[in-house]
Amino acid sequence: MNSKLFILLAYIIVFASCGKSTQESAEQSLIGQWSISKIIEVITTSNMNGQSDQESITYEMIEGDFVFTADRMEYEYQTASMQSLEQGYTLDISKENAGFTKVNVFTVNGDQENYRVRFGDETNDAHENASEIALEQIISLDSTTISRFIELIRK
């Protein structure tokens, strides 16, 4: 009886580990062409007195695209000015506390720019075959901080 239980347990472990890794699934899901559906920018400016002003700008119906290959990211779109970039990148995964559990945090680390990637509704398996993603970026310049949130839909 013990040997049958051991064999059954071994089969369960083997079949459970045969799926794609989180890294592979997320990378495959990210690769492709994405249309921009919305960009939200929050611009915070601090003055010498320690006070800050905040302005929020929402761009909708943007003409522009993001394209991800296995190792390159490219985008072009226009808001107040034309934005374009082509860079190499890696997709990194780390863990972050979320209440009582830890969740995966996906980050595009580029040669020039970095983005936090949020897949779909951010459920446990949202990184698999995602049709919507959001990219978050924080840019700090002297006394100004720009928080950018870009919503993308797969083409």
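The aromatic rings of His127 and Phe106 sit tilted, their planes meeting at an angle between 30° and 60°.
The stretch residues 51-63 participates, sequence neighbours left out, in these side-chain hydrogen bond (donor to acceptor under 3.5 Å, both in side chains) pairs: Thr44-Gln54. Within the structure, side-chain hydrogen bond (donor to acceptor under 3.5 Å, both in side chains) contacts touching residues 146-155 (residues at least two apart or in different chains) are Glu41-Arg148, Asp65-Lys155, Gln137-Arg148.
Remark: Glu132 CD to Ser37 OG distance equals 7.0 Å, nearest 0.5 Å. Atom CD1 of residue Ile39 and atom CD of residue Gln78 lie 11.0 Å apart, to the nearest 0.5 angstrom.
In plain terms, the two heavy atoms of Tyr115 and Met73 that are nearest each other are CE1-CE, 3.7 Å. In this structure, Ala130 and Ala126 approach most closely via the heavy-atom pair CB-O, 3.6 Å. The minimum heavy-atom distance between Ala26 and Phe119, with the atom names listed, is O-CZ, 3.8 Å. The shortest heavy-atom contact between Ile150 and Phe66 is CD1-CZ, 3.9 Å.
Residue Asp142 places its CG atom among 12 or fewer non-hydrogen atoms of other residues, nucleotides or ligands, all under 6.0 Å distant. In this structure, Met82 places its CE atom where more than 12 heavy-atom neighbours from other residues, nucleotides or ligands lie under 6.0 Å away. Enclosure of atom CG in Asp125 by more than 12 non-hydrogen atoms of other residues, nucleotides or ligands within 6.0 angstrom is indicated. A 6.0 Å sphere centred on CG of Asp121 holds more than 12 heavy atoms belonging to other residues, nucleotides or ligands.
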Open item on the list: Could you walk me through whether Tyr75 and Gln87 satisfy the side chain to side chain donor-acceptor pair (under 3.5 Å) test, starting with their C-alpha distance in whole Å, then the side-chain angles of each, then the deciding distance to 0.1 Å, before giving a yes or no?
Closed with: CA-CA 9 Å; Tyr75 67 75; Gln87 69 176 358; over 6 Å; no
For this session: Evaluate side chain to side chain contact (heavy atoms under 4.5 Å, CB included) for Glu86 paired with Arg72, printing each intermediate quantity in order.
Result: CA-CA 7 Å; Glu86 183 175 347; Arg72 306 282 307 157; 3.5 Å; yes
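Using a 3.5 Å distance cut-off with no hydrogens or angles, the side chains of Gln23 and Ser25 do not pair a donor with an acceptor.
Using a 4.5 Å heavy-atom cutoff, the side chains of Ile146 and Ile138 are not in contact. A 4.5 Å side-chain heavy-atom check between Ile43 and Ile57 finds at least one atom pair inside the cut-off. With a 4.5 Å cut-off on side-chain heavy atoms, Val117 and Thr107 do not count as touching.
A single hydrophobic cluster is seen to contain both Ile62 and Leu85, as judged by linkage of ILVMFWY side chains at heavy-atom distances under 4.5 Å, directly or through other members. Under the 4.5 Å side-chain contact rule for hydrophobic residues, Leu30 and Phe149 do not share a cluster. Leu135 is connected to Ile139 through a chain of hydrophobic side-chain contacts under 4.5 Å among Ile, Leu, Val, Met, Phe, Trp and Tyr, so both are in one cluster. Cluster annotation: Trp34 and Tyr77 are assigned to the same hydrophobic cluster (Ile/Leu/Val/Met/Phe/Trp/Tyr, side-chain heavy-atom contacts under 4.5 Å, transitive).
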Show me, pair by pair, the donor-acceptor contacts under 3.5 angstrom made by side chains of residues 90-97, not counting sequence neighbours?
residue, atom, partner, partner atom, Å
Asp92, OD2, Asn109, ND2, 2.3
Lys95, NZ, Asn104, OD1, 3.0
Glu96, OE2, Arg116, NH2, 3.3

